[in-house]
Amino acid sequence: MARGGGSGFGLQDLSRIARAQGSYLYDETGKAYLDGSGGPAVFCIGHANAEVNAAICRQLDSIAYAYRYLFTSSALESLTEIVHRISGHCFKDILYCADGSEAVESALKVALQYHAARGLMTKRRFIARQRSWHGNTLGALSVSGFAARRRAFEGSLLDVAFVSPANAYRMPEGCTADTLVSHLAAELEQTILTLGPDNVAAFVFEPIVGAAGGVVPAPPGYAAAVQAVCAKHDVLLIADEVMCGAGRSGTWCALEHDGVVPDLMSVAKGLAGGYIPLGATLVSAKVAAPIVSEHGAYMTGHTFSGHTAACAAGLAVQTIIERDGLVERARSKGAAFQQALRGSLSKFDEVGDVRGRGFFIGVELVTDRATRAPFAPDRGLSFDIGQRAFADGLICYPCSGNVDGAAGDTVILAPPYNASDAELEEIDVKLSRAVGAALASK
Ligand code: PMP
């Protein structure tokens, strides 16, 4: 199988997929795989949903796509309406695109355009965090603190300043739980001051770190603290919710949990739940105003922005999520699921942390619970767990490098929001089995 968590690696010797239904995929040999991680946190209402497929077919039967810059469509307008409602009417405009990288790239560009529209052409620099992942395009990769995925492109990336991750399990030297947030806010402020506030466009962060950290929710108070620092220095706050958003973490916007509304927000994976590629950048009224008045329009967009059939898929997925109360379900079932996992994995001394929110859960493996020391990277523990789980018919999402870019083993679970209790139980059992077998093979 693929080593998971990578982009373009290990595409040899893959099982050939045949079909899927609900939370299960089936390969051509008939083997079933329970989708415990939604691939990489994508499939939020499961696979082959009849309502979604029918909505896409209806759209295709009338028109697949009318160019966004010539026509609007009822699919796009209805999706926009539901996203505004489900995200709490916090944003003014929604710019559609095809995936998460484009959504982040658009957020970066809209931030630059915002400052340009205000005549502030020196505000060009971005600040981001180490151990973060924002995507594969050059701009999104530039703001990503993910050494292995940057290495081949160093020298051509934007000059981005990086600050520490907000990780309560792995705090910066000298920090305690009580001082962590103020330490991180002070570090961000110092970085802005060092670059010069007149030169900084935006700070970009994942409210819950995904692939680069193995699900790391920021500590309470962090989002509000960095928002205050940014506001003080006229720096925009960009929340990348491509992985943690669209309901996955138990609120539609992950930051709702923190009581913070960012200036710009990217979403993708769960927006159309994997049925058709779809992403979006949500723009606040504050950011929209000077752009609209000075430039008339957003200077970002692609041929397939607002693709009609993709919007129809997003509309059907979000309609089901709203109608069936699936965000609330992810919140309540997720808490119980996390508790159950913590119980069953507690028998392994090497399971150092089980964390997350809603149906976005990370398991971190360590050699020693007290010191939290990671396994040697060449042991490939998380991928070993992923491979054993896959062989046993469970898809999970192994990630590495969360400690220092090379060492660190985590496994992400991100089941569909409508996964049944029996399916959650099966994930729990099979993950424990895979962890036990991988640890025993030392
Ligand atoms: N941001 C985050 C937080 C992500 O997790 C990802 C993908 N894993 C991206 C951006 C990029 O999205 P995509 O792979 O759809 O381009």
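Read the numbers this way: they start at 1 and go in the same order the structure lists the ligands and their atoms.
Taking the six-membered ring for Trp and the full ring otherwise, the centers of Tyr26 and Tyr33 sit at least 6.0 Å from each other.
If you check the side chains of Glu77 and Thr72, you find a donor sitting under 3.5 Å from an acceptor. If you check the side chains of Tyr24 and Glu426, you find a donor sitting under 3.5 Å from an acceptor. In this model, no donor atom of one side chain and acceptor atom of the other lie less than 3.5 Å apart for Glu241 and Trp252.
A parallel orientation is assigned to the rings of His307 and Tyr65, their planes being inclined by less than 30° (bins at 30° and 60°).
Sorted by chain and number, the residues within 4.0 Å of ligand 1 by heavy atom are Asp99, Gly100, Ser101, Trp133, His134, Gly135, Glu206, Asp240, Val242, Met243, Lys269.
Taking CG of Asp27 as the reference point, atom CZ of Arg16 lies at 10.5 Å (rounded to 0.5 Å).
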